[in-house]
Structures are given as C-alpha cells and as structure tokens.
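To start, the structure itself, in structure tokens.
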Amino acid sequence: MTSIGHAVEQRAARALINRFYDNLANSEERAKILLQAVDRSTRFFTEFSPEQIEKLKAGIQNPDNRYMKLFNLMLDESDPKFSKRMLMNLGYEATFRGTRMIRKNREKYGCNIPWLILFDPTMACNMHCVGCWSGTYGHKQSLSYEDMDRIVTQGKELGVYFYMLTGGEPMVRKNDILSLCKKHSDCFFAAYTNSTLIDEELCRQVVELGNLTFMVSIEGTPETNDARRGKGHYDAVMKAMDLLKLYGIVYGTSICYTRDNIEAVTSDEFLRFIAGKGAHFGFYFHYMPVGQNAVPELMPTVEQRRKMIERIRYVRSADCDIPFYPMDFQNDGEFVGGCIAGGRNYFHINSVGDAEPCVFIHFSDTNIHDKSILEILQSPLFMQYHEGQPFNRNHLRPCPMLENPKLLRKMVEKTGAHQTNLEFPESVEQLCGKCDAYADEWAAVAQEYWDTHPHKKTAYENYTPEKREHPELAAFEHADIN
C-alpha cells in the first residue's frame, strides 16, 4: 500500500523524468534536470564527499564526458516508454526510496537486508552447457507463481524493488514472469537468459510493461561460445540481440569467463561488436567449480585473473572509447566492500525455495515455504555472513568459497546448513576441495596487487559495528567465526 509521502515522492520523480524526456533535444535543459536529480539524491546519500558530488556534476555538464556519451547513446537507442519506466523503477523505487528503507531496516532488525533478490523460477533449461550445474537438475523443480509473488511482496516490505531471475532458463516460465512484472509494476526485473526464447511477441510485451530486461549469455566468438553452450547458440543470441535493439529494450550481457575464452570475451573487437548490437553494460563472472559436473580446468589461471582486473578497469576508464560498461563480479569487491552475498546486497532462492547466501554456494538452512524473507535473513547461516563480512580486507579475495574456502567449511559446520544441489549431492568438503589450491595460489598474487595499487574504500560498508571499529577482525587468518 502506497503511503501519502510515497505517493508525493512518486509524482515528483515521475514529473522530473517526464521533464527530462520532454527536453531530450535540449542538452542544456537536460543537464539542468540531471543536476536537480543529483541534488535531491545527495541529500540522502550523505556519504558522498563535496568533491565527489562536484566531479559528478562537472561530468553531467560536459558533453564529451565518456559516461554521459554512453548514457545518451543508451537513451537514443531505447524506446521512451521502456526507459521511462526503467528510470522510475530502478532509479527512484529501487535506488532512491528502496535504499532508504533498506538502511533503516538493517538497523531495525540487526541483520543484512539486500538491495536485490535473485531467484530461480525454474531449473528447467533447454540447453546443457559444459560445466554448468543447471543442466543436470532436470525439469521438475519450479517455484509456483504464488511463491514468486510472495518473494516480491515480502521483499518490498523491506525495501527491495529489484529482482533478478536465473535458473535454468527463466523464460521457460515466460507467462508467469510477465504476470509477476505486471502485478508488481513498481519493481524492476532482470532475467539472465540464454536468449533462445526471445521473440518479437515477447519484445512487444516487454516494451509495454517497461520493467523487465535481459542479461544475455554470450561467450565470445562463434567458436568459443558454441564450444561451451552448443552448436547454434551463437546464432540464436545474435537474433535475440537484434530484436532487443530493434524494440528499444535496454539490455546487458552475462559473460562467464574461463581459461579457454577469457581473451575472446574481453577483446576490443568483441566489446565493440556487442555494443553495436545494443548491449552497453554487462557482468563478467569468474567460472566457479560448482556441482559434480564442474570442470575445474575451466577456472582461469591466476595470471589470467590478474590481467582481467587490469583489462576491465581499462575498459571503464576515460582512456577507452568503447561504449560498454563492464562489471566484474569477482574482482570489483573494493567498490562494494567485499562479498555482497548472504543478503548484504543480495541472496539467492533456488527453484524449490531453499534460501542460499549466494547463487554459487549451494547450502541452506531455511526455505521460503517455512520462513518469511526477514526470517531467512535472520537464520543462523545468513547471520554468519552478516557477522563475518568482510571475509577478507583484501577485496580481491572476497569470497568465502573461492578465495577463503576454510571459512565456508566452518560456517556450514557451525550452522548445520545442508547442501542444496538438486541432482547430485555435494558436500562442503567436496566443493571447497576444488578451491583450496586455487585460493592458495591466488592469495599471493592478490596481496601483491592490493599492496601496490591504489584502491577505493566505500563510504557505506554495511558491516557490523564490531567489524567497522576493528577492521583487523576481517583478516583471513583472524576471521571470527568460531
């Protein structure tokens, strides 16, 4: 139920967005409106320094600023109906209003409250990619529409207005997802998809809704992509990307980088190509050796990972003119304060309702059919995350599985969390055993890089008071989880 104050804010935000679109051809007036939005936002987000705010404002007023050029390009290519709703839901509801609610509830309830919730409508998938656990799960496990509706309804009560969908292939449940987006028209949804089920009718429906987008899976050239995802997948992705651009749907990419494809998925040629297809942002995910059919040999070498850090940061810099903004889930820890799982910024609900701290860590001690979202966030396993984060003050080693596997072993043992692999059971020892050697090898490289490069400290960290006041407690060898 919308409060009077919320309704007033909504009208003001909508009016600001409409003014912006009414002045798309007037760059000076458009900049004034953006500056007004910054002023309103920074009244709440007080952690930004005056210098940072002035730098942001200077960028907005500079037509040659790399990020303004990218923002304007995305606007030019988008359907106004779609991008207006996206700015309203993702900008105002999720980022501005939602963040305020979340921060208050973190203090009120003494636990992590996420900014987004990731859930699996189904584990059914029409593909069987090499090294992916989803393809082994079969087609039986799915959340009901009522389950998904309850997740979103309860999430909104805590301030969560952004939801990501994965699987499996989430668009197997296309009709239910579209119904969910229509009911929760104040939220924004993003589906990680293999894109094979994207057609013109779906694009028309998405434009009409305005609050659903796609993160399209692609892994480089036709050869590197189809070697892992199967013959013909690359062509299907190309068709889907062309349709999304044609209909003006703002969308991104989801790229798993492996030892075999890392050069192909980060080359200038590849990035310019996908930007030309209309994808101007995307997530890179380090290959994780999860599941019995995992292929640890696909994990990047530590030398490749180090180069990945430098490559992604170059592509984001003012020195690069490629109209694409990449985000690296594993290597961008310093910009988000380390591990974001366990509800610190997100958590995952699988297709049978098990709440997992991370999409890559298949252990749980609670289920949505037994507990509310708030009760899940207060469960023993999630509270271990809350009390343990950051798991390492070197944010190039953020994960309690991949880089600090001793910690995941201890958390699972202490809480009695059960494994949630739906096809082939995998103990925490089996999972972490595939990470031990890599963690040891990466530790030295990560420390050398951390010690010799400047890095950012986030102003709002969302750690427990004890970790804020005594940062040495987050050092790997002193982690307080016993």
Side-chain angles (χ1 to χ4, degrees), residues 1-10 13 40-48 89-119 149-164 184 186-188 336-349 353 355-358 364-391 411 414-415 417 458-471 473-474 480-481:
M1 183 176 179
T2 303
S3 68
I4 294 175
H6 182 196
V8 170
E9 275 194 352
Q10 279 182 325
R40 290 185 181 182
S41 299
T42 51
R43 291 173 195 166
F44 168 68
F45 296 110
T46 56
E47 63 264 25
F48 292 106
N89 289 13
L90 194 56
Y92 167 69
E93 297 288 3
T95 302
F96 185 75
R97 178 172 178 267
T99 299
R100 282 187 305 179
M101 292 177 64
I102 287 165
R103 291 187 180 181
K104 289 179 181 177
N105 283 325
R106 286 169 179 165
E107 295 295 325
K108 179 179 179 180
Y109 296 113
C111 64
N112 282 334
I113 305 290
W115 187 64
L116 73 90
I117 296 175
L118 175 68
F119 64 87
D149 179 42
R150 188 166 62 253
I151 290 168
V152 177
T153 299
Q154 292 180 2
K156 285 162 64 174
E157 292 171 355
L158 297 172
V160 185
Y161 283 81
F162 186 27
Y163 297 84
M164 286 185 165
H184 296 282
D186 52 351
C187 291
F188 198 76
V336 291
C339 171
I340 64 172
R344 180 169 171 267
N345 274 323
Y346 102 106
F347 75 99
H348 176 240
I349 299 170
E356 302 168 337
C358 177
S364 176
D365 64 351
T366 190
N367 188 287
I368 62 165
H369 297 117
D370 305 316
K371 303 289 184 181
S372 69
I373 296 298
L374 178 57
E375 289 171 328
I376 284 168
L377 294 165
Q378 294 173 328
S379 73
L381 181 59
F382 278 70
M383 289 304 294
Q384 283 287 294
Y385 269 74
H386 175 61
E387 293 162 10
Q389 290 163 327
F391 296 114
M411 288 193 290
K414 182 173 182 178
T415 62
T458 57
Y460 179 82
E461 294 177 316
N462 187 28
Y463 302 150
T464 61
E466 186 178 44
K467 286 296 181 70
R468 289 197 297 269
E469 295 164 10
H470 304 286
L473 293 176
D480 183 20
I481 61 167

Checking Arg106 now: which residues fulfil salt bridge (Lys or Arg N to Asp or Glu O under 4.0 Å) with it, not counting sequence neighbours?
none
Just checking Trp115 against Phe162, ring centres under 6.0 Å apart?
yes
Is there a donor-acceptor pair under 3.5 Å between the side chain of Glu356 and the backbone N or O of His348?
no
Residues which pass ring pair (Phe, Tyr, Trp, His ring centres under 6.0 Å) with Phe96, listed by chain and number, not counting sequence neighbours
none
Rounded at 0.5 Å granularity, tell me how far CG in Asn462 sits from CZ in Arg468.
8.0 Å
Report the residues that fulfil ring pair (Phe, Tyr, Trp, His ring centres under 6.0 Å) with Phe119, sequence neighbours left out, ordered by chain and then residue number.
none
Polar side-chain atom of Ser364 near backbone of Ala355 as donor-acceptor pair, under 3.5 Å
yes
With sequence neighbours excluded, tell me which residues meet salt bridge (Lys or Arg N to Asp or Glu O under 4.0 Å) with Arg40.
none
Non-neighbouring partners of Glu461 that pass salt bridge (Lys or Arg N to Asp or Glu O under 4.0 Å), sequence neighbours left out
Arg393, Lys457
Sequence neighbours excluded, the answer for ring pair (Phe, Tyr, Trp, His ring centres under 6.0 Å) partners of Tyr163 is Phe189
According to side chain to side chain contact (heavy atoms under 4.5 Å, CB included), who are the partners of Ala13, at least two apart in sequence or on a separate chain?
Met88, Tyr92
State, with a plain yes or no, whether a side-chain heavy atom of Arg103 is found less than 4.5 Å away from one of Lys108.
no
What residues form a ring pair (Phe, Tyr, Trp, His ring centres under 6.0 Å) with Phe347, not counting sequence neighbours?
Phe382
Got a sec, which residues hit side chain to side chain donor-acceptor pair (under 3.5 Å) with Arg100, two or more places apart in sequence or on another chain?
Glu9
Taking the side chain as everything from C-beta on, heavy atoms only, tell me whether Glu466 gets closer than 4.5 Å to Glu387.
no
List the atom of Tyr346, the atom of Cys358, and the distance in Å for their closest heavy-atom pair.
OH-SG, 3.0 Å
Check: Thr95 side chain, Leu90 main-chain N or O, donor-acceptor pair, under 3.5 Å:
yes
Counting distance only, does the side-chain N/O of Gln389 pair as donor-acceptor with the main-chain N or O of Ala341 below 3.5 Å?
yes
Would you mind reporting whether Asp149 and His184 have side-chain heavy atoms less than 4.5 Å apart?
yes
What are the two closest heavy atoms between Leu158 and Asn105, and how far apart are they?
O-ND2, 3.0 Å
Applied to residues 365-378, the salt bridge (charged side-chain N to carboxylate O under 4.0 Å, His left out) test, sequence neighbours excluded, yields none
I need the minimum non-hydrogen distance between Cys111 and Gln378, along with the two atoms involved.
SG-CG, 3.8 Å
Might you point out which heavy atoms bring Ile349 and Ile151 nearest each other, and give the distance in Å?
CD1-CD1, 3.7 Å
Those residues that, when tested against His386, pass side chain to side chain contact (heavy atoms under 4.5 Å, CB included) (two or more places apart)
Asn112, Met383, Thr464
Within this structure, what is the CG-OG1 distance for the pair Leu381 and Thr415, rounded to the nearest 0.5 Å?
4.5 Å
With a 4.5 Å cut-off on side-chain heavy atoms, are Ile373 and Ile117 touching?
yes
Taking the side chain as every heavy atom from C-beta outward, state whether Phe391 and Met411 have any atom pair closer than 4.5 Å.
yes
Applying side chain to side chain donor-acceptor pair (under 3.5 Å), name anything that partners Tyr161, two or more places apart in sequence or on another chain.
Arg97
For Arg150 and Ile368 the tightest heavy-atom approach is NH2-O, 3.9 Å
So, Tyr385 side chain and Leu377 main chain: donor-acceptor pair closer than 3.5 Å or not?
no
What are the two closest non-hydrogen atoms of Cys187 and Lys156, and how far apart are they?
SG-CD, 3.5 Å
